[in-house]
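In what follows, a structure is listed as structure tokens, so that the remarks can point back to it.
Below, chains carry the letters A, B, ... as their sequence lines are ordered, and counting in each starts from 1.
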Amino acid sequence: MSDFQSAFLYPIGVAIVNFISVKVYNRLNSSPKNYFWKDKFDDLKDYKPNLSFDELKRRTRIVVIDDENSFPISLFRGEGYAIDKWSKVTDYNKLQSGVYDIIILDIKGVALHISEEDGLGVLQSIKNYNPAQIIIAYSQHSFDLSKAKFWELADETIAKPSDFLKMKATIDNIILNQFQPERYINIMHDILLKNHYSNKDIRKIDIHLIRNIKDKTTPNWNSVFESAITTPELFIKLQAVASTILKLY
Amino acid sequence: MSLSLFKTLSRYPFIHDLEFYDSNELKQNKTCITKCKKKGCLSLMDSKESSHFICEYGFDNRLVLFEENRYIINGIIYPNNSKILEGTKKVRANWVVNPNDIDIFLKKLEGIENEIKNRVNHTIESNFSMFHDFKTSMNIFFSCTQELINRLPGSDFESKLKSSDSLYQSLFSALQLITSQLGMIDVIINPKRIQFGNKKSVNLYRLFEKIKILFSHVAANKRDIKINLISEGRRIRDCYCYESIEFIPLILIDNALKYCVPGYDVDIKLEQSFNSVKVIVKNIGPLVPEENKDLIFHKFYRDPSAEEFAKEGIGMGLWIAQSILNAHNSKLNYFGSKFTTFSKINPKMGLNIFEFDLPTQ
């Protein structure tokens, strides 16, 4: 073999072997290594959204469930918050599936038609179903000792009545500190680990989401949570949390 | 269940907070009090795995939990206890207790405790239904005031308020004061309210400044008292606190004004050290006698010197302030000093100092 042939064929051969090895390795380990054996994708938590507070505020969907009209809805709307008002729980499925990022919930007179425990029943049920759901307790019964659980389970509290600036500060604080990808990623990972998903499976799901974040596309949830399709409750729970993660980019 | 109630109801001797108590029906086992030095039964207090323990003398001990309170029914003998000789069982027949009897007794206690809780809740609910109605009316006041301010020119609510007439600002300040005072009433009824919500960054200087502005008008007009607020050294950094921390400046400034000799100043000083902020509130007013210095932080306690000086007050403020600071692993301290010029005129008066520290970020 001439020097010319060996100088070209040898590296090409090595390159082909390396290429096949990477493909085989990735297939066997569900790994996203590139040709140089480096991870194609970083950690999902390394992706930091680049949203201004105003944009984040606009994207945060809030619902106030209160049988009175004490919450200053028009003031909040005037300042760019996406906020709805229900006088009672009219669409429980919407709450359960995570349509709203923040639920501001009164304790009395809002859900007696669906729960004997009224607001507390709703809070317990949503938290049980979707632990990522942010719920703010909003009631004038903060003196009521029998309602202690309501205040303990909620992520935050707003006493009724409160002045607008105080309410706004509380909600802004939640948006800035809790409505963040890292919190939802941690919750999603917790759910997956509790349901016996391996770290490899979790990484695979993370990579799916990273691709969607990079491409700015809506994922095919059936392929992201393929193994959860047989357990619809888990599937909906994961989809609710993951949708919120994507919404933050 | 409180110690006094447990002591009244218990049929068996027990331990609480390392103290050994007789019951009304049965005294402490003599061995536990006189012979046993090791007190191995006390290990049950911290036990998470087991609620039963047989001590080195062979006696049975049982841990009983009532929410935050832990009791050990101690020095008893279960009928099937093989470590105690039959002869001893006969001598100590009164201490031979069937575990099922303890279960039944505990169930009764639970029932009594639940009944008491229900009655307390019911009483609060019926007594405070007026308070609920008051809050509902306040909602209307809040809505109208905020709607009025929102009609003013400006890009957002805060800027509308800032550029508004001082009357609007006073109105909104009054509203903020009502929010805080209503919150304090909640704390009196339900002290758990202190720890509601998440901790967040709070600047104590700004909090004191806000309350100072609220009170300055009243203090100067009614009592000729000036409130001075200064921060010393470095810039005051934020603390990580529950929302209830906002009651601290309200209570301390309100107290300092209420018990201040007219014509004198209330001085508030904040000092930032390496990783904490010290808050000192001083006034010239009635001195608390040495023996009552701790009592002033008790619920409903009003020192006679305070009662003599100011009629109004129910003795709740300092208790609330202390409870809030305790929830932040801090403590409110009181110091009094007679070495002031005013003490020469009236020896009952002197310099009162309230101070506390909180860690900063």
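- No more than 12 heavy atoms of other residues, nucleotides or ligands lie within 6.0 Å of NZ in B:K192, so this atom counts as exposed by the packing criterion.
- Neither the backbone nor the side chain of B:Q195 comes within contact range of chain A, judged by heavy atoms closer than 4.5 Å.
- Atom NZ of A:K88 has 12 or fewer neighbouring heavy atoms from other residues, nucleotides or ligands inside a 6.0 Å radius.
- B:S143 and A:S70 make their closest contact through OG-O, 4.4 Å (heavy atoms, listed as atom of the first residue, atom of the second, distance).
- Using a 4.5 Å heavy-atom cutoff, the side chains of B:E147 and A:P72 are not in contact.
- Rounded to the nearest 0.5 Å, atoms OG (A:S162) and CG (B:L175) are 9.5 Å apart.
- Counting heavy-atom pairs closer than 4.5 Å to chain B, the top residue among A:N69, A:I174, A:L75 is A:L75.
- Contact annotation for B:F142: only side-chain heavy atoms (C-beta onward) come within less than 4.5 Å of a heavy atom of chain A.
- Here the closest heavy-atom approach between residue A:P161 and residue B:N139 is recorded as CB-OD1, 3.0 Å.
- There is no contact between B:I140 and chain A, counting heavy-atom distances below 4.5 Å.
- The backbone N or O of B:F172 lies less than 3.5 Å from no partner atom in the side chain of A:D163, so there is not a single donor-acceptor pair.
- More than 12 heavy atoms of other shown residues, nucleotides or ligands fall within 6.0 angstrom of atom NZ in A:K247.
- Shown here is B:K299, whose NZ atom has more than 12 heavy atoms of other residues, nucleotides or ligands within 6.0 Å.
- For the pair A:E68 and B:K135, the salt-bridge criterion is not met [side-chain N within less than 4.0 Å of a carboxylate O].
- Note that the CG atom of B:N150 and the CD atom of A:E79 stand 7.5 Å from one another [nearest 0.5 Å].
- Atom CG of B:L161 and atom CG of A:L165 lie 6.5 Å apart (nearest 0.5 Å).
- A:T157 and B:E243 get closest at one heavy-atom pair: O-OE1, 4.0 Å.
- For B:T136, the parts lying under 4.5 angstrom from a heavy atom of chain A are both the backbone and the side chain.
- Distance check: A:Q140 CD to B:M138 CE gives 11.5 Å after rounding to the nearest 0.5 Å.
- Note: B:F196 and A:W151 have parallel aromatic rings, judged against thresholds of 30 and 60 degrees for the angle between ring planes.
- Nearest heavy-atom pair, A:E156 versus B:G197, reported as atom, atom and distance to 0.1 Å: OE1-CA, 3.2 Å.
- Heavy atoms from other residues, nucleotides or ligands lying under 6.0 Å from CZ of A:R77 number more than 12.
- Taking a 6.0 Å sphere around NE2 of B:H122, one finds it holds 12 or fewer heavy atoms contributed by other residues, nucleotides or ligands.
- B:K200 places none of its side-chain heavy atoms less than 4.5 Å from the side chain of A:N177.
- Under a 3.5 Å cut-off, the side chain of B:Q146 and the backbone N or O of A:F164 do form a donor-acceptor pair.
- Taking a 6.0 Å sphere around CD of A:E116, one finds it holds 12 or fewer heavy atoms contributed by other residues, nucleotides or ligands.
- By the neighbour-count criterion of 12 heavy atoms within 6.0 Å, atom CG of A:N50 is sparsely surrounded, having that number or fewer from other residues, nucleotides or ligands.
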